[in-house]
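Each chain gets a letter, A, B and so on, in the order its sequence line appears, and its residues count up from 1.
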Amino acid sequence: MTAIESPMPRSVGRILRPRTRQTLLLWCFLAPSLVIFLLYRVIPVIWNLVLSFQYWSPLKAAEFAGWDHYEDLWFDDVFWQALWNTLIVIASAPIGIALALGLALLVNADIRGRNVYRTIIFLSYPLMTVAVAIIWRWMFDERVGLINYAARTFDLVDKPIPFLNSFTWALPSVIVANIWQMLGFYMIILLAGLQNVPRELHEAAAIDGAGALHRFTRITLPLIRPSLFLAFVIGMLNAITSFDLVYVMTGGGPGRATEILVTYIYKLGFVQTKFDSAAAVTIVFFVLLISIAWAANRFTGGNAGAVETE
Amino acid sequence: MKRRSVVKAALTGATVLAAPAYLRAQSSKKLSILTWNIADQQELFKQEFADFKAANPGVEIEWLDKKGPDLPAFYQTQIVAGTPPDIVDLQGAIWVDYAANGGLVDLTPYLQKEPDVAKRFNADYLKGWAYQGKTYLLPFYVAKTLLYYNKTMFQEAGLAGPPQSFDELLGFSEKMAKAEKTGFLTLNFDWLYWPLFKMNGIELLSPDGKKAAFNTPQTADALTKLAKATASGGVNKISWTGRWVEPNGAFAAGTVGMLHAHSSSYFFVKGQGPWINGQTLGAAQLPGFWSTPTNHGFAISKGSKNPDLAWKFITHVTSDKWASAFFKNRSVLTANLAADNAGLAEMEKTDPLAAAVLRTQIEHTDKLTGNWPLPYDAELKDAFWPEIQNAALGRKEPQKALADAERTVNRLLSRKA
């Protein structure tokens with residue numbers, strides 16, 4: 001490792017030992033990020049934890065509530081519905097990743113105009129989520145939506161399907177919009193992974209008689225595992241925090257058909273003025289996130305995110 | 001000038017500039033006003049403010065408007081920060097929570113001191129802003145549900161006029177349901193569907209408000225009929241799934257016989273439905289004359305540093321003069337008797353259909369329902385509505401849905417006791 005030239009004044013340099021000086025310098029570089037992380041991540045989580053054990057509203061002084069809010073959650077049908085929907089949305093992330101992998105394989109092949117295809121596929125990602133939600137809300141509209149129009153034009157349905165007003169179709173419709181937006185991003189991550197797979201390995205395997213499927217399952221997939229992990233973690237985080245998408249497309253409805261934990265937290269806090277209950281759901285949500293990230297890390301070998309220092 | 005003085009002056013200046021505008025507006029003789037989704041009235045408000053300032057020299061007014069779902073979150077944040085606006089425009093039942101927890105100024109002493117102010121308003125609408133005998137808001141603009149009906153579809157089905165009972169309402173709906181056409185639609189947010197239950201003699205809670213009272217054979221019967229009519233297409237499914245745009249849009253498309261909605265729907269529906277005119281659209285009361293209000297009112301935040309001035313301001317903007325101007329500008333009722341009567345008389349000449357719609361809003365105001373002042377209204381709504389929705393859409397047996405709703409509501413009530 002190359003030693004970092006210290007920009008510290010000579011007087012400080014004379015007082016501190018080189019190793020201490022270097023550590024101090026590293027902390028100086030880390031400090032801005034750590035302060036932001038502390039202010040916007042750690043403190044709010046701790047505050048939520050405290051709040052979840054209190055009775056509190058903007059107009060009342062806090063009182064100790066013990067486990068009451070957690071007990072309420074146990075009997076709260078909406079919470080269970082929101083949790084279940086959240087898990088379904090998380091479970092849909094691999095569908096998007098699988099589709100993106102297919103596209104990445106296609107645009108990684110030697111085809112003409114592949115850069116144009118890559119750009120087109122990626123275009124959905126930089127769009128604002130609210131814009132994506134509005135686009136898809138109109139696409140799914142019962143009266144003027146393109147999907148119903150096409151379905152009726154081709155005699156696929158007799159009556160228009162009220163996608164976003166149907167208990168059956170609303171959640172899948174939101175998931176489709178979510179996958180559509182994330183597809184380009186997943187593809188870029190996986191494409192980067194695919195381009196790091198040495199060509200020689202494929203060539204050697206082909207000479208040894210391995211078929212395309214074998215080469216894909218034995219060489220490509222294991223070597224792009226870090227990219228898959230990254231795509232999954234990002235996909236999972238995006239899926240469960242897609243507040244804006246759900247809020248604009250369905251508002252959590254019809255009924256609670258598309259309610260996810262993050263929209264339920266918002267409603268508890270800002271519609272019902274139950275910030276204390278919202279804090280309890282937030283803690284459950286946090287634990288869920290941590291558990292899934294841990295499980296995903298274990299699944300991919302347990303050292304995802306580690307920095308190699310050789 | 002000494003260095004210390006310069007530093008002091010600079011610090012003071014910086015502090016003043018750094019303070020958010022609403023903090024500065026809370027200083028003496030300054031009023032901050034937060035309104036809800038009415039930014040289009042900026043020009044009128046400017047005139048009202050200028051008029052108020054002329055009568056109260058030295059007063060500064062800061063006005064801020066927030067879009068639909070943003071206001072509650074914004075106002076709560078202001079309360080937590082200790083900087084609520086002096087005056088806030090609140091809608092529906094959201095105010096009760098603030099009033100019950102001491103967040104709003106009790107206006108009763110002011111009303112007692114100035115009895116003429118109370119006399120301005122329709123007593124029933126004013127009563128809608130009372131909690132435990134104390135009045136917390138003055139009406140800003142008001143609306144309640146009514147029954148719109150498509151006269152063309154009525155004629156096609158051989159129906160002479162609007163239904164007079166719950167069974168007739170469902171019967172008419174069935175008659176009009178053909179292919180893509182459905183008979184009846186209701187808005188469902190903020191208890192707007194409640195008149196359908198009230199007309200069947202159903203009560204939500206016991207008189208002392210401590211127990212659920214809705215799990216009765218009458219409710220099961222009404223729900224069963226609604227579910228049956230929904231399954232057959234008599235009642236449009238959007239009644240139980242849509243929010244505002246969807247049901248109003250569906251009625252505007254001309255394929256729904258009746259729409260149970262508030263008067264605010266009229267201008268949206270008219271804008272979307274080219275078929276709508278005096279010959280094709282009717283406006284009537286729902287059977288039993290029951291209706292649910294969705295009103296806006298002005299409250300004074302407890303944190304206001306100028307409650308007397310704020311009171312003066314809200315009596316100013318709800319005065320005959322400015323309520324009339326508001327009616328004229330926005331075509332809404334204000335609950336100010338003089339303003340509404342004068343406005344309606346004028347409107348009958350220029351837009352008789354709109355006048356007929358608005359006329360329903362000042363009739364039978366003694367039969368307002370679904371506006372019980374409960375501090376936990378939003379929670380109660382969330383405990384009750386999903387089960388009604390399940391039953392109406394045939395996802396659950398009505399008896400089972402009512403039992404589940406009763407359990408949830410009673411659990412909530414015991415927590416709140």
Side-chain angles (χ1 to χ4, degrees), chain A residues 51 55-62 65 68-69 71-72 74-79 81-82 137-138 140-144 152 158-170 247-259 263-264 266-275 277-278, chain B residues 69-82 84 94 97-104 179-180 188-189 233 236-238 240-243 245-247 249-250 252-253 255 272 302-303 375-383 385-390 393 395 404 407-408 411-412 415:
Chain A
L51 198 59
Y55 291 117
W56 184 87
S57 87
L59 296 161
K60 272 193 231 163
D68 279 5
H69 299 309
E71 193 193 322
D72 279 350
W74 185 257
F75 294 103
D76 182 356
D77 296 341
V78 183
F79 166 74
Q81 170 91 53
R137 202 173 65 188
W138 283 109
F140 284 125
D141 191 89
E142 191 180 350
R143 289 187 298 138
V144 294
R152 296 189 81 182
D158 297 332
K159 277 185 174 181
I161 302 169
F163 287 103
L164 300 179
N165 284 317
S166 147
F167 280 85
T168 314
W169 291 103
Y247 199 72
V248 175
M249 279 185 80
T250 63
R256 301 293 189 176
T258 56
E259 198 80 83
T263 54
Y264 189 45
Y266 174 82
K267 285 179 186 172
L268 278 175
F270 292 106
V271 178
Q272 298 189 9
T273 327
K274 287 166 66 183
F275 290 94
S277 301
Chain B
D70 298 346
L71 187 131
F74 186 79
Y75 185 54
Q76 281 161 17
T77 311
Q78 287 185 308
I79 292 171
V80 174
I94 192 171
D97 191 19
Y98 299 130
N101 288 301
L104 302 179
E180 281 187 36
N188 63 50
F189 67 89
N236 192 307
K237 279 185 181 159
I238 297 176
W240 316 115
T241 57
R243 284 177 284 174
V245 174
E246 300 89 349
T255 54
Q272 299 240 319
K302 203 56 170 266
Y376 41 87
D377 180 77
E379 288 173 71
L380 189 61
K381 214 177 329 190
D382 270 12
W385 166 246
E387 295 301 342
I388 296 305
Q389 197 178 28
N390 282 334
L393 287 166
R395 303 173 79 228
D404 288 347
R407 178 178 52 82
T408 319
R411 187 178 158 74
L412 170 72
R415 267 259 184 261

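Listed by chain and residue number, R152(A) satisfy the salt bridge (charged side-chain N to carboxylate O under 4.0 Å, His left out) test with E180(B) (two or more places apart in sequence, or in another chain). In this structure Q76(B) satisfies the side-chain hydrogen bond (donor to acceptor under 3.5 Å, both in side chains) test together with T273(A), Y98(B), sequence neighbours excluded.
In terms of heavy-atom pairs under 4.5 angstrom with chain A, the leader among A253(B), P386(B), P72(B), G249(B) is G249(B). When each of D141(A), N165(A), D68(A) is checked for heavy-atom pairs under 4.5 Å with chain B, N165(A) comes out on top. Of all the listed residues (K237(B), R243(B), E246(B)), the one sharing the greatest number of non-hydrogen pairs under 4.5 Å with chain A is R243(B).
With rounding to the nearest 0.5 angstrom, the CG atom of D382(B) is 12.0 Å from the CG atom of D77(A). The distance from the OG1 atom of T408(B) to the CZ atom of F75(A) is 11.5 Å, given to the nearest 0.5 Å. Rounding to the nearest 0.5 Å gives a distance of 12.5 Å between CG of L71(B) and CZ of F270(A). R395(B) contributes atom CZ, which lies 7.5 Å from atom OG1 of T168(A) (distance to the nearest 0.5 angstrom).
In this structure the side chain of D97(B) never reaches within 4.5 angstrom of the side chain of Q272(A), judged on heavy atoms.
Taking all atoms of both residues into account, the shortest heavy-atom contact from V80(B) to P58(A) is CG2-CB, 3.7 Å. For the residue pair L59(A) and G103(B), the shortest heavy atom distance occurs at CD2-CA, 3.5 Å.
Using a 4.5 Å cut-off between heavy atoms, A383(B) makes no contact with chain A at all. If you measure heavy-atom distances from D72(A) to chain B, the contacts under 4.5 Å come from both the backbone and the side chain. In this structure, the portion of K274(A) lying under 4.5 Å from any heavy atom of chain B is its side chain and not its backbone. Interface residue Q389(B): only side-chain heavy atoms are found under 4.5 Å from chain A. Only the side chain of I238(B) comes within less than 4.5 Å of a heavy atom of chain A; its backbone N, CA, C and O stay farther away. Contacts of T250(A) with chain B are made by backbone atoms alone, with heavy-atom separations under 4.5 Å and no side-chain atom involved. If you measure heavy-atom distances from F167(A) to chain B, the contacts under 4.5 Å come from the side chain alone.
The number of heavy-atom neighbours closer than 6.0 Å to CH2 of W385(B), taken from other residues, nucleotides and ligands shown, is above 12. Around NZ of K381(B), the count of heavy atoms belonging to other residues, nucleotides or ligands within 6.0 Å exceeds 12.
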